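Working notes for the structure below.
Given the structure is predicted, the values throughout are model-derived calculations rather than measurements. Both ligands and their constituent atoms are indexed starting at 1 by order of listing. In this chain, residues are counted from 1 in sequence order.
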Amino acid sequence: MSKKIITAVGAGAVLLFAAQSAFAVEEAISKGRKVYERGGCEACHGPGAEGGGAFPNLVNGLKALSKEQFAATVTNGKGAMRAFKDNKMVMDGMDNLYAYLKARSDGTVPGGKLE
Ligand code: HEC
C-alpha cells in the first residue's frame, strides 16, 4: 500500500469512529429521555427539566453537579425527592439519564419528547 492510501484509510477510520460515537451519544440521549419520563422525573421536574415551584430546575442544576453528585442524588434521594435505588430501570439507565439531562443543560436538545 502506498503512503497516500494508508493515510486515506486512516482518515476514513477516524471519520467512521467519529460518526459512530456521535450516533452512540444520540442514542444515549434518546434512551435517557425515556428513562426521565418513565422513571417519573418528569412528573416533578417538568417535561423540559426546567422544574417549577418546589422542584429544582435540572437544566441549571446540571451545570453545577458532577456526574457522581447527580447519581448520588438519584440513588439516595434528597429532601422531598425519593431514592431510586430500588428502581432497576432508573439505576440501569443512570448514564443515559445523565447524558440526556446534560444535553438539556448544554442546550443540545429541546425540552419535551424527542421523537
Ligand atoms: C416527587 C417529586 C420528584 C421526583 C419524582 C423526582 N425528583 Fe428530583 N428533586 C425533587 C425535589 C423536591 C428536589 C430538591 C431536593 C432538595 O434539595 O431538598 C429534587 C432534586 C433533584 C436533583 C438535585 C438538583 C440540584 O441542583 O441539586 C436532581 C439531580 C434530581 N432531583 C434529579 C431527578 C431525577 C433524575 C429524577 C427521576 C429519576 C427525579 N429527580 C425525580 C423532586 C423530585
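- Scanning all heavy atoms of the two residues, the minimum distance from Val35 to Cys41 falls at O-SG, 4.4 Å.
- Classification of the His45-Phe55 ring pair by plane angle, with boundaries at 30° and 60°, yields perpendicular.
- Close contacts between ligand 1 and Phe55 involve ligand atoms 2 (C), 12 (C), 42 (C) [criterion: under 4.0 Å to a heavy atom].
- Remark: Arg33 engages Glu42 in a salt bridge, criterion side-chain N to carboxylate O under 4.0 Å.
- The minimum heavy-atom distance between Ala103 and Ile29, with the atom names listed, is CB-CD1, 3.7 Å.
- Panel note: side chain Asp106, backbone Thr108; no donor-acceptor pair is recorded below 3.5 Å.
- For atom 8 (Fe) of ligand 1, the set of nearby N, O or S atoms under 2.8 Å includes one belonging to His45.
- Those atoms of ligand 1 that come under 4.0 Å of a heavy atom in Lys78, given as number and element, are 15 (C), 16 (C), 17 (O), 27 (O).
- The protein heavy atom nearest to atom 1 (C) of ligand 1 is Cys44 SG, 2.8 Å.
- Scanning all protein heavy atoms for the shortest distance to atom 28 (C) of ligand 1 gives Leu58 CD2, 3.5 Å.
- Looking only at heavy atoms of the protein, atom 36 (C) of ligand 1 is closest to Cys41 SG, 2.8 Å.
- Metal site remark for atom 8 (Fe) of ligand 1: Met81 contributes an N, O or S atom at a distance under 2.8 Å.
- Of all atoms in ligand 1, numbered sequentially from 1 with element shown, those under 4.0 Å from a heavy atom of Ala54 are 12 (C).
- More than 12 heavy atoms of other residues, nucleotides or ligands shown are found within 6.0 angstrom of NZ on Lys63.
- Against a heavy-atom cut-off of under 4.0 Å, Gly40 is close to the following atoms of ligand 1: 5 (C).
- Side chain of Arg104 to backbone of Ala49: no donor-acceptor contact under 3.5 angstrom is found.
- Near Leu97, meaning under 4.0 Å from any of its heavy atoms, are these atoms of ligand 1: 35 (C).
- Annotation for Val74 and Met81: closest pair CA-CE, 3.9 Å, computed over non-hydrogen atoms.
- The nearest non-hydrogen atom to atom 11 (C) of ligand 1, considering only Gly53, Gly32, Gly93, Pro56, comes from Pro56.
- The protein heavy atom nearest to atom 18 (O) of ligand 1 is Gly79 CA, 3.7 Å.
- For atom 22 (C) of ligand 1, the closest heavy atom belonging to the protein is Thr73 CG2, 3.6 Å.
- At a threshold of 4.0 Å, the pair Asp95-Lys67 counts as salt-bridged, since one of the basic side-chain nitrogens sits closer than that to a carboxylate oxygen.
- Of all heavy-atom pairs spanning Met91 and Lys85, the tightest one is CG-O, 3.7 Å.
- Comparing Tyr100, Phe70, Tyr98 by heavy-atom distance to atom 29 (C) of ligand 1, the nearest is Phe70.
- The protein heavy-atom contact nearest to atom 25 (C) of ligand 1 is Leu65 CD1, 3.9 Å.
- Residue, atom and distance of the protein heavy atom nearest to atom 26 (O) of ligand 1 are Gly61 CA, 3.8 Å.
- Looking only at side-chain heavy atoms (C-beta outward), Tyr36 and Leu101 come within less than 4.5 Å of each other.
- Ligand 1 places these atoms under 4.0 Å from at least one heavy atom of Val74: 35 (C).
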